[in-house]
**Q** 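Before I ask anything, let me first share the structure, which is written out below as structure tokens.
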Amino acid sequence: MDYLEIEGDNKLSGAIKIDGAKNAALPLLAATILFKNEVTIDNLPRVNDVFTILQLLENLGATTNFEDNQAKIDASSITNTTAIYDIVRKMRASILTLGPLLARFGECKVSLPGGCAIGQRPIDLHLKALEMMGAEIVIEQGYVRASVPKGLQGATIVLDKITVTGTENIVMAAALAHGETKIINAAKEPEVVQLCEVLNANGVKIEGIGSDELIIKGTGQKLIEAKKNITVIPDRIEAGTYLCAGAITNSKITLNNVNHTHLFTIILKLQEMGFDFDLKENSITIKPAAKIKGAKITTSEYPGFPTDMQAQFMALALVAEGASSIDEKLFENRFMHVSELIRMGANIILSNHTAMVEGKNELNGADVMATDLRASSALVLAALVANGTTRVHRIYHLDRGYVTLEKKLQQLGAKIKRLKE
Ligand code: EPZ
């Protein structure tokens with residue numbers, strides 16, 4: 001198993017390129033099940049979650065070809081409709097195949113993803129919506145078995161809670177359903193928007209894109225024809241993580257291939273903490289702060305502060321002058337990084353869903369354990385400013401969602417190496 005060794009206490013400088021968004025790529029890859037011809041997707045990040053969903057598509061019978069950052073997927077040859085546990089267990093987002101498989105074939109079996117490090121993460125809202133569209137669903141031996149012999153029917157679905165992959169699953173199901181589906185209280189994340197835009201551009205009429213009310217006019221089980229290449233949007237969470245690397249080391253760094261609009265809330269919070277920015281068309285430069293101030297952070301759905309940036313901002317709060325409070329509203333257990341940061345000398349008090357972070361911590365290198373994707377990046381950030389050496393273990397979590405994190409940090413001048421246990 002690999003681990004990262006980081007020597008702390010140095011400044012960063014220079015520029016790096018941000019990759020395509022993992023969380024946009026995954027639903028787009030799942031959506032290829034809805035197409036009758038080969039789909040070409042560009043700017044795909046070479047991260048393990050993308051390899052996993054490609055493996056799942058191949059296991060279903062699709063042909064895939066992934067070179068550099070471009071994948072060509074032909075899902076017309078799919079005959080198998082079972083998403084097996086051995087693949088699904090590696091990545092919860094495999095549940096994104098449920099909607100498209102059911103919509104196209106009228107039946108499918110998808111392994112139920114288990115709980116995960118950041119919380120229970122039920123999929124009840126995905127299932128309830130598909131049932132409202134006529135599906136019969138049973139849970140059998142760890143699998144969701146769904147059938148709807150005459151095809152899914154459009155329905156009005158009110159989501160009790162805003163769910164990103166839930167909205168994506170319903171949109172994909174509705175794309176091939178008979179009649180119109182309305183989703184009320186839909187997620188508005190840029191990744192959801194891109195999925196809707198791609199389907200819309202390829203013949204599925206979707207109204208309300210980017211709002212919390214979507215109306216999808218289904219094709220009545222007619223597969224979609226891909227008209228042109230899809231380019232995955234830049235990863236706002238990867239960009240946010242590197243902005244935090246610039247911030248925590250109080251350095252000037254530039255990120256290329258970003259979309260500022262998607263980073264708006266993250267930029268505002270960093271401005272509140274004292275940082276300044278230069279924005280150019282597709283790039284952003286963070287500049288050092290005269291004084292790094294503490295912040296009050298509450299996670300929420302887009303365009304609110306993303307839960308996927310909570311851990312990284314906690315690391316940053318450790319070096320601020322003054323206290324910060326971080327309220328995690330989306331996932332009940334997304335504080336696994338706290339005890340690891342405390343092992344590095346952080347002063348953090350957890351009470352229910354709120355972490356109180358004392359500023360100006362003297363951080364010291366230690367052996368720490370990555371627990372989930374974003375928690376792992378927070379440990380790397382803290383290590384960049386800790387005294388001495390930090391070793392971050394179990395970095396397979398990082399490899400699920402960050403493209404060669406150590407190489408990009410090396411390019412910015414960080415002393416970081418990937419080593420074998
Ligand atoms: C997506 O997860 C992202 N994953 C997550 O990214 C991200 O943290 C999350 O959205 C929130 O932004 C992908 O896009 C692949 P949700 P998702 O359904 O869709 C509850 C990362 O690090 N809920 O929007 O699984 C749920 O428990 C990650 O890249 C139900 O109760 O999240 C949570 O409290 C991890 N029932 C809330 O809704 C349901 O059926 C929001 O979760 C579905 C969700």
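Note that ligands are numbered from 1 as they come in the structure, with each ligand's atoms numbered from 1 the same way.
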**Q** Within the structure, does Ala93 bring an N/O atom to less than 3.5 angstrom of an N/O atom in ligand 1?
**A** no
**Q** How are the rings of Phe51 and Phe66 set relative to one another: parallel (under 30°), tilted (30 to 60°) or perpendicular (over 60°)?
**A** tilted
**Q** Give me the nearest non-hydrogen protein atom to atom 2 (O) of ligand 1 as residue plus atom name, then the distance to 0.1 Å.
**A** Arg121 NH2, 3.2 Å
**Q** Could you say whether the N/O atoms of Asp124 and ligand 1 ever approach to under 3.5 Å?
**A** yes
**Q** Counting from 1, what ligand 1 atoms have a heavy atom of Thr307 closer than 4.0 Å?
**A** 8 (O), 11 (C), 12 (O)
**Q** Atom 3 (C) of ligand 1: which of Asp235, Asn23, Ile95 has the nearest heavy atom?
**A** Asn23
**Q** Grab the two heavy atoms, one from Val88 and one from Ala83, that are nearest each other, plus how far apart they are.
**A** CG2-O, 3.8 Å
**Q** One pair to check against salt bridge (Lys or Arg N to Asp or Glu O under 4.0 Å): Lys293 and Glu272. What are the steps and the verdict?
**A** CA-CA 7 Å; Lys293 293 177 264 184; Glu272 217 178 286; over 6 Å; no
**Q** Below 6.0 angstrom between ring centroids: does that apply to Phe305 and Phe313?
**A** yes
**Q** Give a yes/no on ligand 1: does Lys22 have at least one heavy atom closer than 4.0 angstrom to it?
**A** yes
**Q** Is the closest N or O pair between Arg334 and ligand 1 shorter than 3.5 Å?
**A** yes
**Q** What residue and heavy atom of the protein are closest to atom 34 (O) of ligand 1, and at what distance?
**A** Leu330 O, 2.5 Å
**Q** Does any N or O of ligand 1 fall below 3.5 Å from an N or O anywhere on Leu125, backbone included?
**A** yes
**Q** May I ask you to test the Ile297-Ser325 pair for a side-chain heavy-atom distance under 4.5 Å?
**A** no
**Q** Quick check on Arg418: does its CZ atom have over 12 non-hydrogen neighbours (other residues, nucleotides or ligands) under 6.0 Å away?
**A** yes
**Q** Please identify which atoms of ligand 1 are closer than 4.0 Å to at least one heavy atom of Leu373.
**A** 22 (O), 29 (O)
**Q** Is it true that the side chains of Tyr402 and Arg374 contain a donor and an acceptor less than 3.5 Å apart?
**A** yes
**Q** Using non-hydrogen atoms of the residue, decide whether Pro122 is closer than 4.0 angstrom to ligand 1.
**A** yes
**Q** For atom 41 (C) of ligand 1, what's the nearest protein heavy atom and its distance?
**A** Ile162 O, 3.7 Å
**Q** Does this structure show an ion pair linking Arg334 with Glu328, if we count only N-O contacts that are shorter than 4.0 Å?
**A** no
**Q** Give the contacting part of Phe331 toward ligand 1: side chain, backbone, both or neither, where contact means a heavy-atom distance below 4.0 Å.
**A** side chain
**Q** Report the nearest protein non-hydrogen atom to atom 5 (C) of ligand 1: residue, atom name, distance rounded to 0.1 Å.
**A** Asp308 OD2, 3.8 Å
**Q** Does the side chain of Asn169 come under 3.5 Å of the side chain of His126 through a donor N or O and an acceptor N or O?
**A** yes
**Q** Would you say Gln70 and Asp42 are linked by a side-chain donor-acceptor pair, where the criterion is simply a distance under 3.5 Å?
**A** yes
**Q** Is it the case that ligand 1 has an N or O less than 3.5 angstrom from some N or O of Gly166?
**A** no
**Q** Taking only heavy atoms of His126 into account, list the atoms of ligand 1 that are under 4.0 Å away from them.
**A** 40 (O)
**Q** Contact between ligand 1 and Glu191 is defined here as a heavy atom of the residue under 4.0 Å from a ligand atom; is it met?
**A** no
**Q** Strictly by modelled atom types, are Thr285 and Thr254 linked by a side-chain donor-acceptor pair under 3.5 Å?
**A** yes
**Q** Please determine whether the number of non-hydrogen atoms from other residues, nucleotides or ligands lying under 6.0 Å from atom CZ of Arg89 exceeds 12.
**A** yes
**Q** For atom 22 (O) of ligand 1, grab the closest protein heavy atom and report residue, atom and distance to one decimal in Å.
**A** Arg374 NE, 2.9 Å
**Q** For atom 24 (O) of ligand 1, what is the closest protein heavy atom, and at what distance to 0.1 Å?
**A** Val164 N, 2.8 Å
**Q** Quick test: of every protein heavy atom, which one is nearest to atom 38 (O) of ligand 1, and how far off is it to 0.1 Å?
**A** Lys161 CD, 3.7 Å
**Q** Atom 19 (O) of ligand 1: which protein heavy atom is closest, and how many Å away?
**A** Thr165 OG1, 2.6 Å
**Q** Looking at ligand 1, does any of its N/O atoms fall within less than 3.5 Å of an N/O of Leu26?
**A** no
**Q** Is there side-chain contact between Leu4 and Leu405, with at least one heavy-atom pair below 4.5 Å?
**A** yes
